[in-house]
Amino acid sequence: MKYDNTREFIYEELLSKVEKPGRYIGTEWNSIHKNPETVDIRFAFCFPDVYEVGMSHLGMKILYHLLNDQQDIFCERVFAPWPDMEEVMRKTGIKLFGLESRDFIDSFDFVGFTLQYEMSYTNIVNMLDLAGIPKRSGERNEGHPFVVAGGPCAYNPEPLYDIVDFFMLGEGEEQLLEVMELYRKWKSSKGTREEFLKMAASVRGVYVPKFYKVDYNEDSTIKSIKPITEDIPGKVRKRVIKNLKGSYFPDKIVVPFIDIVHDRIMLEIFRGCTRGCRFCQAGMIYRPVREREVEELVEIADRLIQSSGYEEISLSSLSTSDFSKLNELVERLVSKYKSSRIGLSLPSLRIDSFSLKLVQEVQKVRKSGLTFAPEAGTQRMRDVINKGVDEEDLLNSVGAAFETGYSSVKLYYMIGLPAETMEDIQGIADLTFKVVDRYYRVPKEKRGKGLNVTASASSFVPKPFTPFQWEPQDTINTLIEKQRYLQKAIKKKQITFNWHEPYVSYMEAVFARGDRRLCDVLIKAWELGCKFDGWDQYFDYEAWMQAFKDTGADPDFYAARRRELDEVLPWDHIDVGVTKKYLRGEYKKSLKGELTRDCRTACTGCGINLLQEGGVCK
Amino acid sequence: MMHIRLKFTKGNEVKYISHLDLMRVFQRALRRTGIPISYSSGFNPHMEISFGAPLSLGVTSNAEYVDLKLAEPMDVREIQRRLNDSLPDGIRILDGIEIRENHKSAMSVVSHSRYRIRIFMENVSSDELTKKIEEFAAQKEIKIMKEQPKKGFELKEIDIKPLLVSMKLIESKEDIYTIDCLLLSGSSGNLKPGLLIKAFKEFTGYDIQSIRINREQVYGLKNGKLLDLLEYESAEA
Ligand code: SF4
């Protein structure tokens, strides 16, 4: 059968052969379609995971419309084709294409990846390969797109240093447009690739790895990371939007045809977090805290409901309870949308009696279960990680929940935390039992039927820019031993215990704190067939180990080694605002089990207020 | 309160979205239009909207039906206009009527569907094809292995002959042939056009590529007559 063009061929031939063609249609409501002839810049916004995951991501939604609001830019979405699609693409010689135009992205100006988790890195390599774009920066020439990346994992960009041409660090709303402006200039000047990279490096927050040189010590640690010329900044500082008030938020969002992970309006109420949990990277890298105003939020919600037709709004932030005007916001949204049956969901809420009332007011399915995150089992351990809840708080909260009829709760814990002992592991079981006991203390006629407590234990992964960035991860064997212990200790018919194989967490720990030498490992692993590593059915630990062997790199050097406090870290030339001095102090305090208060009440000196935008923290 | 039945297309642009997806598309489009749709009462209220016979993935249609219950009356043309402004490309409301409150649901009255199947095939003349179709349809039994989605896609042999009402070649042009067929469709028997083509392929051994399958019409049986689902509601009992 002959088709008029590739666009039609993909649609008729390829899509009819895959399991979920709805992932690749590209004409969803509110998707943007422009005539490629009439634009100057074509941008492929790539999410290195499957459609359903990528489309659930708020940042992508914002930047997609931000770019397309520029008349001369056509930004299209690209997700990692699921293996069934990849197979038919490779068989028929169809390269990776933008969903909207179905044009191959190797002819675009930019191919941008958002880095949300380390285990998506092999998908980046695979997507470049499918696109027919050279995998290494140095192999690209003037005819190729610039490969760029941003997102939380970009704060340690080094494992991707030879793949990505440049990184954009921090919040992209302003920076991205500045880079586009420079690109327009460069394009009309007909300059070289190198020249554009130089121009881009002048934008604050842009990191061009090739302009930095890394030297190593004999013991394989890093000796220095230095710019190769004087006009390149020694440290790249992340960008933040000074004030969220009036900052960009699209009037419409793409409404997918198929069901996705988070299929609802995500209303970003604030950025940042002041709690200072020591294991939490998000809590450090997204500082400072900035709230949107209730008035503006209500307006945004209204516009999005009108333009999307969604039936649910979810408040999005790191910690919903910390929004200073939560009550007011919830009241306004609820009263506004009650009659039109639009639901409101409040994720990442700290459950106390106050929030319980809120939840009951808004949640449609009332008894669906509540989530608590004690993170650790003993007070000692919670003090180490600066998780400011004690047992009494937790038991009061679950007690209040049980008293209002909830009978299903989820408890999130981590194992493998710094200086953890078997007592702390036993503590997880003990605390979970106390939750069970608390249920039985509620009079029978008051409590809901059929108690079900789910305890999940994830393996701790030390992350850059946290006080635990110097800490080793537990070895796989230790983690397994702790899991086995806990599994036995926690056995009870009302408790469901969940845990993950620690192999993925180990690879995450390697790449989270990896350096440039891991780039070869990554490409090797891809050659050995690794992709979709975040998906159990595809993660191939043996292949990864083979990749380390073949390239001569030692994964334990990255995951299982304790760093000296004065060691040069692979991300030392990146400045996220929170200072290394502060992190060091927090680390030392953690060893003594000393707490650091929530800096909402008084500044604890993390350094973020010294960023250029200044004055964001009161 | 008012009940409406609408007839709409599911064009090539949306042929890959499932029945469930289509329901969501309508619910969201309705919300965008502000049409005063009625909600069920109860703990988890949902829009009072129901669809006719589901279409297989990849099949287009000129005759899909949806029933709406409105909380307040509204002109049917106005509903049609608003929805057409709010539905994605490929879905067009063609017509609509007000229906009785105690109507039978579109889903329950469907008995037959008429499809046009366009196929691509080389080295077969249209006379030969016509003959083969006649032979195929005249068989006493037409046995075919069918996947059973509810039983882990286990294969089972079924006879589709009682489900096939008519089948004929209606057009041929440069290796592209159009076949018209009337198939049972509904609770008393349901034949998907894809399965029919599979059986025909096995019968003839032809290398057939199916290009497009389009549902032309959906019927309900009333007083011995096949009526489209709008006529069905307006016709006297
Ligand atoms: S500068 Fe002070 S107030 Fe601001 S986030 Fe850091 S510790 Fe908190």
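Order of the sequence lines fixes the chain letters, A, B, ..., with proteins taken first and strands second; residue numbering starts at 1 for each chain.
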J.: Take a 6.0 Å sphere around NZ of A/Lys410 and say whether it holds more than 12 heavy atoms from other residues, nucleotides or ligands.
T.: no
J.: Checking heavy atoms, do the side chain of A/Asp263, its backbone, both or neither come under 4.5 Å from chain B?
T.: both
J.: Hey, could you give me the OG/CZ distance between A/Ser307 and B/Arg32, rounded to the nearest 0.5 Å?
T.: 8.5 Å
J.: Counting only heavy atoms closer than 4.5 Å, note whether A/Gln306 contacts chain B via side chain, backbone, both or neither.
T.: backbone
J.: Would you say that B/Arg28 contacts A/Trp29 through its side chain, given a criterion of any heavy-atom pair below 4.5 Å between the two side chains?
T.: no
J.: Looking at A/Asn35, I'd like to know if its CG atom is crowded, meaning that more than 12 non-hydrogen atoms belonging to other residues, nucleotides or ligands lie closer than 6.0 Å.
T.: yes
J.: Which value, rounded to the nearest 0.5 Å, describes the distance between A/Phe257 atom CZ and B/Asp21 atom CG?
T.: 9.0 Å
J.: Looking at B/Asn12, B/Asp89, B/Ile37, B/Val14, which has the largest count of heavy-atom pairs under 4.5 Å with chain A?
T.: B/Asn12
J.: I'd like to check B/Arg24 versus A/Asp259 (side-chain heavy atoms, cut-off strictly below 4.5 Å). Are they in contact?
T.: yes
J.: Can you say whether A/Ile25 sits under 4.5 Å from chain B via the side chain, the backbone, both, or neither, judging by heavy atoms?
T.: side chain
J.: With chain B, which of A/Pro256, A/Gly309, A/Ser340 has the greatest number of heavy-atom pairs at distances under 4.5 Å?
T.: A/Gly309
J.: Are the aromatic ring centres of A/Tyr11 and B/Tyr16 under 6.0 angstrom apart?
T.: yes
J.: Does a sphere of radius 6.0 Å around NZ in B/Lys198 hold more than 12 heavy atoms from other residues, nucleotides or ligands, not counting ones at 6.0 Å or beyond?
T.: yes
J.: Among A/Ile258, A/Val255, A/Ile305, A/Thr27, who wins on heavy-atom pairs under 4.5 Å with chain B?
T.: A/Ile258
J.: Among B/Met47, B/His46, B/Arg31, whose side chain to side chain contact (heavy atoms under 4.5 Å, CB included) with A/Glu311 holds?
T.: B/Arg31
J.: Is it the case that more than 12 heavy atoms not belonging to B/Glu157 sit under 6.0 Å from its CD atom?
T.: yes
J.: What part of B/Leu22 lies closer than 4.5 angstrom to a heavy atom of chain A: side chain, backbone, both or neither?
T.: neither
J.: Could you grab the distance from atom CG of B/Leu57 to atom NZ of A/Lys20, nearest 0.5 Å is fine?
T.: 11.5 Å
J.: Counting only heavy atoms from other residues, nucleotides and ligands, does the tally under 6.0 Å from NZ of B/Lys192 exceed 12?
T.: no
J.: Counting only heavy atoms not in B/Glu101, do more than 12 fall under 6.0 Å of its CD?
T.: no
